[in-house]
Student: 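Pasting in a structure now, in structure tokens, and then I'll have a few things to ask.
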Amino acid sequence: MRRKGYWPFLIPGVLASLLVIVVPLVMTVYTSFTKWNGVGEQRWIGFDNYTRLFEDSLFWGSFSNILLLILAMAVVPTLLGLFLAAVLFDYVAKKFSNRWASLFRSGFYLPQIIPVAVTGIVWGWILHPEYGALNKILETVGLGSLAHNWLGEPGSALYSVMGIMIWVQLGYPIVMFMAGLQRVDPELYEAADLDGATWWQRFRKITVYLIRPEFYVVLVTTTIAALKIFGPIFVLTGGGPSNATLVPSYFAYKNFFEKAQVGYGSAISTVLTVLIIVLSIVFLRLQNRAERKA
């Protein structure tokens with residue numbers, strides 16, 4: 001066993017990955033070149049599904065929606081989470097106690113562990129046009145003219161989902177960045193204080209620079225999560241109204257299960273998978289390049 005090293009212990013994980021990831025992926029790619037309704041014989045049609053896909057306005061519309069959701073799920077939570085983590089670490093923990101900082105961190109992270117269905121139902125109640133809490137609050141403070149159907153109107157549905165996803169995603173970057181801040185040498189901050197650096201200068205020159213590995217990890221994982229988003233769209237809007245919140249994953253789902261166009265749905269899923277893989281490689285190379293320059 002000693003001569004074999006760790007390979008025997010990797011076999012169960014490799015087999016599980018083959019069964020759960022590799023085999024379904026290969027089947028999906030193959031199905032994307034066929035016309036199939038989910039039962040019976042698959043008919044090979046070559047690149048017809050992809051030709052149709054790149055001419056489909058709904059497909060391109062779903063990707064334009066994804067760009068906004070990447071902003072809401074990756075860019076905004078990462079930047080805001082970095083700032084809030086620094087405030088909790090530098091100010092709350094030192095002025096009050098680590099217990100208070102941990103309490104706030106747990107509160108921010110709570111939406112991450114709430115089931116998607118529960119989150120969707122609760123926010124559906126809050127944003128309901130008739131008895132929703134948000135519209136009631138607006139009416140109470142004299143802003144009743146702003147009250148409307150937040151998730152039911154094409155002009156506001158996607159932005160409402162974006163706001164919800166910022167709330168959901170914010171806790172993850174905060175936890176990651178606070179963990180990264182704990183490995184920063186306190187003497188660097190002390191030296192900066194002696195040199196008369198302000199908090200903002202310390203934040204830009206020391207904090208942001210030293211926790212770049214966590215920054216890249218957070219950015220790539222949240223970007224992938226945005227590209228794969230399905231549950232919140234399914235629960236909150238179902239891709240509507242008028243496809244205003246349609247995203248590629250839900251578009252693939254509709255073709256798979258509602259329209260029984262499995263080959264076309266597989267083509268959508270394949271394109272999305274390739275995009276995720278390419279973005280992951282780009283992020284990893286950028287991270288490695290930044291670490292080599294450090």
Side-chain angles (χ1 to χ4, degrees), residues 58 61-88 91-92 96 100-175 222-223 225-251 253-254 258:
L58 285 179
S62 70
F63 265 99
S64 65
N65 292 338
I66 274 293
L67 294 177
L68 289 175
L69 285 170
I70 289 175
L71 179 67
M73 295 180 64
V75 179
V76 173
T78 299
L79 297 178
L80 186 58
L82 178 60
F83 176 76
L84 290 175
V87 170
L88 291 176
Y91 181 76
V92 176
F96 298 97
W100 278 103
S102 298
L103 180 63
F104 281 112
R105 179 181 58 190
S106 301
F108 281 118
Y109 192 74
L110 184 61
Q112 285 278 315
I113 61 177
I114 299 176
V116 173
V118 175
T119 300
I121 291 172
V122 172
W123 276 102
W125 289 341
I126 294 173
L127 300 177
H128 195 276
E130 297 179 2
Y131 55 78
L134 180 56
N135 283 346
K136 294 295 183 182
I137 293 173
L138 291 173
E139 292 173 2
T140 301
V141 298
L143 297 174
S145 60
L146 299 177
H148 63 285
N149 191 352
W150 298 96
L151 293 173
E153 296 182 7
S156 61
L158 182 60
Y159 296 106
S160 299
V161 173
M162 290 172 62
I164 294 171
M165 295 316 300
I166 291 173
W167 174 78
V168 171
Q169 289 289 103
L170 185 58
Y172 169 66
I174 290 177
V175 170
T222 52
T223 300
L227 289 170
K228 298 191 304 179
I229 184 173
F230 174 81
I233 299 297
F234 180 83
V235 176
L236 288 167
T237 64
S242 302
N243 297 316
T245 58
L246 187 67
V247 293
S249 59
Y250 194 81
F251 189 35
Y253 166 84
K254 289 182 67 174
E258 295 181 9

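Only heavy atoms go into these numbers, but all of them, side chains included; no hydrogens, no water, no symmetry mates.
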Student: Would you call the rings of W123 and W167 parallel, tilted or perpendicular, taking 30° and 60° as the class edges?
Tutor: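 The arrangement is perpendicular - the two ring planes meet at more than 60°.
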Student: When you compare the side chain of L151 with that of V161, does any pair of heavy atoms fall below 4.5 Å?
Tutor: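 A side-chain contact exists here, since the closest heavy-atom pair is under 4.5 Å.
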Student: Does W150 offer a backbone N or O that forms a donor-acceptor pair with the side chain of S160 under 3.5 Å?
Tutor: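 Yes, because the side chain of S160 sits within donor-acceptor range (under 3.5 Å) of the backbone of W150.
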Student: Out of curiosity, F108 CZ to L84 CG, how far, rounded to the nearest 0.5 Å?
Tutor: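 The CG atom of L84 is 5.0 Å from CZ of F108, to the nearest 0.5 Å.
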Student: CG of L69 to CE of M165: how many Å apart, nearest 0.5 Å?
Tutor: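 That separation rounds to 7.5 Å.
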Student: Dump the intermediate steps for side-chain contact (heavy atoms from CB on, under 4.5 Å) on I66 and L227, then the final yes or no.
Tutor: CA-CA 6 Å; I66 274 293; L227 289 170; 3.5 Å; yes
Student: Starting at CD1 of I126, measure out to CG of N135 and round the result to the nearest 0.5 Å.
Tutor: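 Rounded to the nearest 0.5 Å, the CD1-CG separation comes out at 11.5 Å.
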Student: Could you tell me whether F230 atom CZ has more than 12 heavy atoms of other residues or ligands within 6.0 Å of it?
Tutor: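 Yes, the 6.0 Å shell around CZ holds more than 12 heavy atoms from other groups.
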Student: To the nearest 0.5 Å, how far apart are CD1 in I233 and OH in Y253?
Tutor: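 Rounded to the nearest 0.5 Å, the CD1-OH separation comes out at 13.5 Å.
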Student: In the structure I gave you, are the side-chain heavy atoms of L110 and I113 within less than 4.5 Å of one another anywhere?
Tutor: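 They are in side-chain contact.
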Student: Between M73 and I166, does a side-chain contact (heavy atoms from CB on, under 4.5 Å) hold up when you go through it step by step?
Tutor: CA-CA 6 Å; M73 295 180 64; I166 291 173; over 6 Å; no
Student: Restricting to non-hydrogen atoms, name the atom on T223 and the atom on A74 that form the minimum distance, rounded to 0.1 Å.
Tutor: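 Answer, listing the atom of T223 first, then A74: OG1-CB, 3.6 Å.
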Student: Would you call L246 and K254 a side-chain contact if the rule is heavy atoms closer than 4.5 Å?
Tutor: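 The answer is yes, as the side chains (C-beta and beyond) meet within the 4.5 Å cut-off.
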Student: Roughly how far apart are I164 CD1 and L127 CG, rounded to 0.5 Å?
Tutor: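 Rounded to the nearest 0.5 Å, the CD1-CG separation comes to 5.0 Å.
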Student: Where is the tightest heavy-atom contact between V116 and G231, given as atom of each residue plus distance?
Tutor: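 Taking every non-hydrogen atom into account, CG1-C, 3.5 Å.
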Student: Does a sphere of radius 6.0 Å around CZ in F83 hold more than 12 heavy atoms from other residues, nucleotides or ligands, not counting ones at 6.0 Å or beyond?
Tutor: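 For F83, atom CZ is not crowded (no more than 12 foreign heavy atoms under 6.0 Å).
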Student: Would you give the length of the straight line joining atom CG of L88 to atom CZ of F104, rounded to the nearest 0.5 angstrom?
Tutor: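 These two atoms lie 7.5 Å from each other.
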